[in-house]
Amino acid sequence: MPGSPRRSALWAVVAALVVAAAVGGAAPAASAVVTMHDPSAADVTPLDPALSVARAYEFLDARVDEFCDGDGHCLPRSYQGGFFTTASWDFTPSFVYDDALVVIAYTARGLPDDLRRARTIGDTLLFVQANDPIGDGRVRTSYEPHGIRQGRVEITGPGTFTGNEAWVGMALARLFHATGDQRYLDGALRIGGWIQANTADMTRAPYGYTGGQTDAGASLTWKSTEHNADVAGFFTQLAQLTGDAVWADRVAVASGFVAAMQGQDGHVDTGTLLDGSTVNTHPIPLDAQTWSSLATGDSRYGAALDWTLTNLMAVDGPYQGPSISDVDVSKVWFEGAGHLALSLRFRAGAGDADRAESLLSSIRLAQRDAPNGDGKGIVATSSDGLDSGFGDLYYASLHTGTTAWYLLAAAGDDPFRLPAD
């Protein structure tokens with residue numbers, strides 16, 4: 001059953017690089033209502049919020065500076081420690097989804113060194129785009145930072161998934177907005193053109209955008225809610241930056257697909273099956289709930305956030321927050337805790353500020369105490385072996401994407417939207 005290629009791509013790259021890895025399963029847990037605790041009543045004290053943010057940026061700084069060439073190109077490894085860093089192997093690929101989040105997190109704070117580092121990543125994304133073996137505007141799932149440091153493009157994840165493309169596009173749009181450098185908008189428009197030319201489906205209702213292409217270049221025929229939310233956010237930015245109404249028309253298509261995936265109880269399903277029309281009802285992922293809300297700004301998805309708070313919340317030792325999907329709610333997915341906190345901040349309903357702060361407090365506690373942490377970055381999960389429901393497991397390893405989502409949530413910065421001028 002088709003799932004989220006942003007998730008499955010990670011495992012595909014790991015599987016390609018590791019012949020035999022000991023992977024334990026995670027048993028599904030029953031959904032239950034979880035009451036968010038009051039941070040002031042906790043028996044542990046997480047990092048001071050301002051200090052926590054500063055240290056999280058220090059983590060990203062070190063990751064960005066680790067793999068750079070002499071021409072100002074840098075790509076940070078996505079994962080480090082625990083499962084991904086052992087005596088026998090070191091998993092270093094850089095996933096463009098994570099890279100995009102790091103760029104956007106840097107623009108959110110916007111200090112001179114933040115923008116400098118954001119530009120080194122943005123310039124690298126333009127570099128891999130320009131040097132792609134097909135050269136039609138796409139970028140790939142992941143690249144090897146060691147190759148970038150040596151001045152070459154080494155693709156570790158050849159797939160071209162629609163959501164990843166949109167995230168890179170949003171990062172480049174942010175850079176153009178922050179710097180005025182036309183190269184970034186040109187790169188974003190090339191990506192937007194690739195998405196439109198290769199994934200737009202106006203034949204099979206509900207209309208929207210398909211999943212992209214596999215590692216081998218075959219077209220994916222299913223549609224993902226997550227991807228269409230990404231496209232809606234990206235194309236909204238292109239419409240704003242170019243003034244071209246065609247992008248707004250395309251936003252309506254992507255947003256319409258997302259709306260078609262919402263069930264009667266408020267939750268948003270993952271997308272369609274291979275036929276592009278039949279709704280895929282299992283599993284139900286967190287990001288379909290939170291990103292639908294953030295990317296569209298539509299109040300109808302407040303019901304999806306309520307569904308999340310009832311059905312996807314996990315408690316794992318001292319940590320609490322959402323899981324990835326309803327398949328396994330035994331562990332906290334801290335990346336998801338970041339975008340759920342941000343979604344609640346923007347919804348701003350009764351109790352939402354306290355709920356968001358509770359989530360952020362748990363992330364700060366994990367920053368300080370979680371397995372495989374360093375006191376600066378944020379690990380992906382509260383403990384190893386979280387089953388995403390899409391055929392892969394997530395681990396308590398330091399992760400640039402999770403750290404960036406935390407910083408965006410702490411700043412109240414929606415990555416799907418350009419900052420107000």
Side-chain angles (χ1 to χ4, degrees), residues 4 7 10 24-39 41-47 49 52 56 79 81-84 101 283-291 305 307-345 354-390 392-410:
S4 165
R7 301 188 190 93
L10 166 62
S31 298
V33 176
V34 175
T35 302
M36 308 291 282
H37 77 271
D38 179 356
D43 58 359
V44 288
T45 304
L47 288 172
S52 170
Y79 293 90
F83 177 83
F84 294 100
L101 282 166
I284 302 174
L286 172 69
D287 48 20
Q289 321 311 313
T290 53
W291 292 9
L305 300 182
W307 184 91
T308 295
L309 294 171
T310 300
N311 294 279
L312 295 185
M313 303 306 290
V315 174
D316 186 10
Y319 309 114
Q320 64 167 354
S323 185
I324 294 179
S325 77
D326 60 344
V327 166
D328 179 3
V329 292
S330 65
K331 302 171 181 65
V332 177
W333 185 39
F334 290 119
E335 178 182 335
H339 47 79
L340 177 57
L342 186 60
S343 301
L344 292 169
R345 290 188 65 174
D354 290 341
R355 294 184 185 100
E357 177 53 34
S358 182
L359 291 165
L360 294 174
S361 179
S362 191
I363 295 172
R364 291 192 289 265
L365 183 63
Q367 182 184 31
R368 191 191 69 183
D369 296 340
N372 307 317
D374 65 352
K376 296 181 178 182
I378 315 298
V379 296
T381 62
S382 55
S383 53
D384 284 342
L386 175 60
D387 186 349
S388 72
F390 292 93
D392 55 354
L393 303 178
Y394 273 47
Y395 297 90
S397 296
L398 289 166
H399 181 212
T400 55
T402 298
T403 305
W405 265 116
Y406 163 59
L407 290 169
L408 291 169

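- Judged by distance alone, the side chains of Asp316 and Ser383 do bring a donor and an acceptor atom under 3.5 Å apart.
- Between Gly389 and Pro283 the shortest heavy-atom distance is O-CG, 3.5 Å.
- Here the shortest heavy-atom pairing between Ala337 and Ile363 reads CB-CD1, 3.8 Å.
- To the nearest 0.5 Å, the span separating CG on Leu305 from CZ on Arg355 amounts to 10.0 Å.
- Partner of Leu359 under the side chain to side chain contact (heavy atoms under 4.5 Å, CB included) criterion, out of Gln320, Met313, Arg364, Arg345: Met313 alone.
- Here OG of Ser325 is found 11.5 Å from CG of Asn311. Values are rounded to the nearest 0.5 Å.
- Among Ile284, Asp387, Leu386, the one residue that satisfies the side chain to side chain contact (heavy atoms under 4.5 Å, CB included) test with Val327 is Asp387.
- Here His399 and Trp333 keep their ring centres 6.0 angstrom or further from each other.
- Remark: the backbone N or O of Gly81 is paired with a side-chain donor or acceptor of Ser397 at under 3.5 angstrom.
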Begin with the C-alpha distance, continue with both residues' side-chain angles, and end with the deciding distance and a verdict on side chain to side chain contact (heavy atoms under 4.5 Å, CB included) for Tyr319 and Phe334.
CA-CA 9 Å; Tyr319 309 114; Phe334 290 119; 3.9 Å; yes
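- When atom types are taken as modelled, the side chain of Ser343 and the backbone of His339 share a donor-acceptor pair closer than 3.5 angstrom.
- The two atoms that bring Ala356 and Ala341 nearest to each other are CB-O, 3.5 Å, heavy atoms only.
- In this structure the side chain of Trp405 reaches within 4.5 angstrom of the side chain of Leu342, judged on heavy atoms.
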Check the pair Leu398 / Asn372 against side chain to side chain contact (heavy atoms under 4.5 Å, CB included), numbers first and verdict last.
CA-CA 7 Å; Leu398 289 166; Asn372 307 317; 5.7 Å; no
Full working for side chain to side chain contact (heavy atoms under 4.5 Å, CB included) between Leu360 and Glu357
CA-CA 5 Å; Leu360 294 174; Glu357 177 53 34; 4.2 Å; yes
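- Put simply, CG on Leu344 and OG on Ser358 are 10.5 Å apart, with the number rounded to the nearest 0.5 Å.
- Looking at Leu340 and Leu309, their side chains come closer than 4.5 Å, going by heavy atoms from C-beta outward.
- The side chain to side chain contact (heavy atoms under 4.5 Å, CB included) with Glu335 is formed by just one residue from the set Ile324, Thr403, Thr402; it is Thr402.
- Side chain of Asp328 to main chain of Lys331: no donor-acceptor pair is present (N/O by atom type, distance under 3.5 Å, no hydrogens or angles).
- At a cut-off of 3.5 Å, with distance as the only test, no side-chain donor of Gln289 or Thr308 sits close to an acceptor on the other residue.
- Heavy atoms only, all atoms of each residue included: Tyr395 and Thr381 are closest at C-OG1, 2.9 Å.
- When all heavy atoms of Ser362 and Pro318 are compared, the closest pair comes out as OG-O, 4.4 Å.
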From CA spacing to verdict: side chain to side chain contact (heavy atoms under 4.5 Å, CB included), Tyr79, Thr400
CA-CA 7 Å; Tyr79 293 90; Thr400 55; over 6 Å; no
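- For Ala56 against Leu407, the heavy-atom pair with the smallest separation is CB-CD2, 3.7 Å.
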